[in-house]
Amino acid sequence: EIEAVTGVQTCALPICDPLAGYTTAFLFRIPDPWARGRRRVYAFLCLSLLSERKAMRVFGFLAGAFRELAGWIQGLAEAGNSENGIAEGFDEDGGGRGDGGDGGGGARVRSSFLGSGGGRDDRGRGVRARGLAEVVGKPDFFIELHVRFVALAAQLRFLVEGGGQQ
């Protein structure tokens with residue numbers, strides 16, 4: 001989990017191997033009250049065969065661009081949750097939406113990682129699978145994300161080909 005490793009909810013990591021290439025990984029979390037643990041973890045990755053010098057030069061640019069994209073996605077997810085009346089702290093007593101029960105604070109249903117657990121999280125709420133587009137509340141989310149990635153690739157190409165030198 002990101003917070004356990006880094007103490008923050010987002011993290012940019014350079015992974016450098018002169019033989020295999022260079023990778024910029026950006027990990028981030030978004031709130032999803034219906035997911036196990038009430039959060040989802042995602043990562044942006046950029047794989048590169050550039051020289052070490054160029055890869056390190058673009059790392060800061062990529063980390064900033066990925067941070068901006070992650071912030072956009074986190075904002076959409078938070079707005080989607082509030083529009084649906086779902087707050088991150090909702091249902092602290094273990095009852096409520098999706099549990100099919102009385103919503104009271106009775107015995108909690110616990111499930112193991114490998115067990116079925118009856119489709120419930122550790123608070124006794126129903127867990128249901130949702131795609132990222134549903135989490136952020138935008139059916140055309142991946143189209144907009146693709147447009148942003150194309151713009152990022154164009155900026156990255158400009159930077160790598162020397163347009164960003166000062």
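Throughout, residue positions are numbered sequentially from 1 according to the sequence presented.
Between the NZ atom of Lys54 and the CG atom of Leu159 there is a distance of 10.0 Å, given to the nearest 0.5 Å. If you take CZ on Phe59 and OG on Ser48, they are separated by 12.5 Å, rounding to the nearest 0.5 Å. Between the OH atom in Tyr22 and the CG atom in Leu50 there is a gap of 9.5 Å [rounded to 0.5 Å].
In terms of hydrophobic clustering, with Ile, Leu, Val, Met, Phe, Trp and Tyr side chains grouped at heavy-atom distances under 4.5 Å, Leu47 and Met56 are assigned to different clusters. Cluster membership for Leu132 and Leu145, using ILVMFWY side-chain heavy atoms within less than 4.5 angstrom, is shared. The cluster map of Ile, Leu, Val, Met, Phe, Trp and Tyr, joined by side-chain heavy atoms under 4.5 Å apart, puts Val160 and Phe44 in the same cluster.
Residues Pro31 and Glu78 are in side-chain contact: their nearest non-hydrogen atoms beyond the backbone lie under 4.5 Å apart. Proximity of Arg40 to Val135: side-chain heavy atoms (C-beta onward) are separated by under 4.5 Å at one or more points.
Evaluation of the side-chain contact (heavy atoms from CB on, under 4.5 Å) rule for Leu45 yields Thr23, Ala25 as partners, not counting sequence neighbours.
Residue Leu49 comes nearest to Gly21 through the heavy atom pair CD2-CA, 4.1 Å, listed as atom of the first residue, atom of the second, then distance.
Ring-centre distance between Phe66 and Phe28: not below the 6.0 Å cut-off.
Screening residues 138-150 for side-chain hydrogen bond (donor to acceptor under 3.5 Å, both in side chains) gives Lys138-Glu144, Glu144-Arg148 as the qualifying pairs, with residues at least two apart or on separate chains.
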Mind running side chain to side chain contact (heavy atoms under 4.5 Å, CB included) on Thr24 and Leu13 for me, showing each step along the way? CA-CA 6 Å; Thr24 297; Leu13 301 169; over 6 Å; no
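Between the side chain of Gln74 and the backbone N or O of Arg29, at least one donor-acceptor pair lies under 3.5 Å. In this structure, Arg67 contributes its side chain and Phe26 its backbone to no donor-acceptor pair below 3.5 Å.
Between Trp72 and Phe141, the ring planes are parallel. Angles under 30° get that label, and only those over 60° would be called perpendicular.
Checking Leu27, Ile30, Ile73 one by one against Tyr42, the side chain to side chain contact (heavy atoms under 4.5 Å, CB included) holds for a single residue, Ile30.
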